[in-house]
2 protein chains.
Amino acid sequence: MTQPARPGVRSGEQLLFLTDDQLRQGIELMFFAYRDFTADPDRILDAHGYGRAHHRVLHFVNRRPGLTVNELLAILAVTKQSLNRVLRLLVEDGLVASRVGRRDRRQRNLTLTETGRALEAELSAAQQARMRRAFSAAGPEAVQGFRQVLEQIIDPEMRGRIDRLLERRE
Amino acid sequence: MTQPARPGVRSGEQLLFLTDDQLRQGIELMFFAYRDFTADPDRILDAHGYGRAHHRVLHFVNRRPGLTVNELLAILAVTKQSLNRVLRLLVEDGLVASRVGRRDRRQRNLTLTETGRALEAELSAAQQARMRRAFSAAGPEAVQGFRQVLEQIIDPEMRGRIDRLLERRE
DNA sequence: CTTGGAAAGTCAACAAGGCTGACATAAAAT
DNA sequence: ATTTTATGTCAGCCTTGTTGACTTTCCAAG
């Protein structure tokens with residue numbers, strides 16, 4: 001995965017990190033890393049009869065307990081039909097609780113049950129273990145760069161929406 | 001996406017970048033960034049009647065012209081039935097050429113046709129544009145860290161296999 | 001030279017998880 | 001009183017992954 005800069009294609013400035021080779025390498029790294037990044041939770045999910053979509057719901061409901069369906073839809077950016085299919089199963093199976101909103105009774109506030117928290121913790125542990133090893137091996141400065149680049153890859157509007165939905169809570 | 005380190009959970013050393021919050025943030029960034037990262041080519045592919053799986057084939061065949069089916073299978077890590085479905089269409093449509101190997105006539109050497117190269121270039125341009133903007137905004141040192149962390153996320157065996165298949169050519 | 005195994009291709013069936021479109025109900029907002 | 005919003009649901013389609021079974025071609029080792 002490591003390749004020397006192409007000789008002779010040197011621009012006048014320090015822009016060697018923007019060569020086609022570097023960009024291609026970044027693109028391929030995203031593909032391979034994302035695949036392995038999802039592999040550990042996928043195995044666990046499979047053993048429990050769930051899929052990656054269920055993982056996402058568990059993650060974000062755990063992340064923001066009391067989240068509404070609409071907020072979850074905005075985060076996941078899928079159709080409500082698609083979300084509903086996995087959410088319904090999680091509610092039926094007793095991993096997610098769906099309660100009528102107090103202020104707005106049309107809304108449903110989602111939380112994890114004890115069982116849901118347990119599975120979420122198991123999935124999270126696996127994913128965090130891989131991330132921790134990677135962070136650890138790469139070092140704090142690399143982690144800083146990793147975050148900066150990934151943030152920039154995200155659409156600006158989506159960046160704002162995520163901040164609104166996940167960070168600042170009214 | 002930015003959150004302060006939790007107070008009180010400070011280990012004696014400089015391991016603050018390994019806190020649960022930092023790991024969780026890294027995990028979420030992978031999810032959001034990968035999604036937007038694939039969005040541009042997905043739109044183009046859709047307009048041409050292809051999917052993400054076709055993109056991967058075009059990418060790696062372009063990357064290593066003459067690649068065999070087995071090598072491609074090893075890179076993509078899918079079943080041959082799954083690969084064959086998309087590969088067959090690309091060959092039928094005249095984007096990929098499949099030629100009997102010279103040394104080993106059981107093998108098929110895959111290359112892009114002119115049409116295939118054109119679509120690959122279009123897809124690549126879109127993906128590179130996003131990556132270039134991100135790299136540019138984050139700067140060369142961040143890019144270095146980005147690469148280091150992603151490399152570490154990949155399974156070591158897969159890392160070796162990729163190097164063998166994509167870098168060193170006999 | 002024969003035979004075993006490797007490379008490629010194919011058929012069938014299934015599952016996950018996206019999508020669209022059409023509707024239904026309850027509750028809030030106007 | 002009416003319209004809009006939040007949620008849920010049915011039905012059907014598509015892509016892309018899976019397993020399992022089987023064939024053809026061809027290399028390589030006995």
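What you see below is based on every heavy atom in this structure, not just the backbone, and it leaves out hydrogens, waters and symmetry mates. Being a predicted model, the structure only gives us computed values, none of them experimental. Letters A, B, ... are given to chains in the order of the sequence lines, protein chains preceding strands, and every chain is numbered from 1.
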Q: Would you kindly compare V78(A) and N109(B) by the position of their nearest DNA chain C nucleotide and give the one closer to the 5′ end?
A: N109(B)

Could you tell me which residues satisfy side-chain contact (heavy atoms from CB on, under 4.5 Å) with [X], sequence neighbours excluded, listed by chain and number?
{"X": "A125(A)", "answer": "none"}
{"X": "R99(A)", "answer": "A97(A), T111(A)"}
{"X": "A118(A)", "answer": "none"}

Specify the separation, in whole Å, of atom [atom1] of [X] and atom [atom2] of [N].
{"X": "L76(B)", "N": "dG17(D)", "atom1": "CG", "atom2": "P", "value": "8 Å"}
{"X": "R103(A)", "N": "dT7(D)", "atom1": "CZ", "atom2": "P", "value": "12 Å"}
{"X": "L87(B)", "N": "dT15(D)", "atom1": "CG", "atom2": "C1'", "value": "16 Å"}
{"X": "R56(B)", "N": "dT15(D)", "atom1": "CZ", "atom2": "P", "value": "15 Å"}
{"X": "L73(A)", "N": "dT5(D)", "atom1": "CG", "atom2": "P", "value": "15 Å"}
{"X": "L89(B)", "N": "dT16(D)", "atom1": "CG", "atom2": "C1'", "value": "13 Å"}
{"X": "D46(A)", "N": "dG17(D)", "atom1": "CG", "atom2": "P", "value": "16 Å"}
{"X": "L83(A)", "N": "dG8(D)", "atom1": "CG", "atom2": "P", "value": "8 Å"}

Q: Name the first nucleotide and the last nucleotide along DNA chain C (5' to 3') that come under 4.0 Å of a heavy atom in chain A.
A: dG17(C) to dA28(C)

(Q) Taking 4.0 Å as the cut-off, does a side-chain nitrogen or oxygen of N84(A) come that near to OP1 or OP2 on dT7(D)? (A) no

What residues form a salt bridge (charged side-chain N to carboxylate O under 4.0 Å, His left out) with [X], not counting sequence neighbours?
{"X": "R88(B)", "value": "none"}
{"X": "R117(A)", "value": "E114(A)"}
{"X": "D36(A)", "value": "none"}

Q. Which is true for R52(A) with a 4.0 Å heavy-atom rule: it touches a base, it touches only sugar-phosphate, or it touches nothing?
A. sugar-phosphate

Please tabulate the protein-to-nucleotide N/O contacts below 3.5 Å involving nucleotides 21-26 of chain D, giving atom names and distances.
from    : atom 1 : to      : atom 2 : distance (Å)
dC26(D) : OP1    : R105(B) : NH2    : 3.2

Q: Between A53(B) and Q107(A), name the one whose nearest nucleotide on DNA chain D is closer to the 5' end.
A: Q107(A)

Q. Are any side-chain N or O atoms of R108(A) and backbone N or O atoms of R106(A), one a donor and one an acceptor, separated by less than 3.5 Å?
A. yes

Q. Could a donor-acceptor pair under 3.5 angstrom be found where the side chain of R88(A) meets the base of dG8(D)?
A. no

Q: If a pair satisfies side-chain hydrogen bond (donor to acceptor under 3.5 Å, both in side chains) and one of its residues is in residues 122-140 of chain B, list it, with sequence neighbours excluded.
A: D155(A)-R130(B), D40(B)-R130(B), H48(B)-E122(B), S124(B)-Q128(B)

Q: For the residue pair Y34(A) and F37(A), categorise the inter-ring angle as parallel (less than 30°), tilted (30 to 60°) or perpendicular (more than 60°).
A: tilted

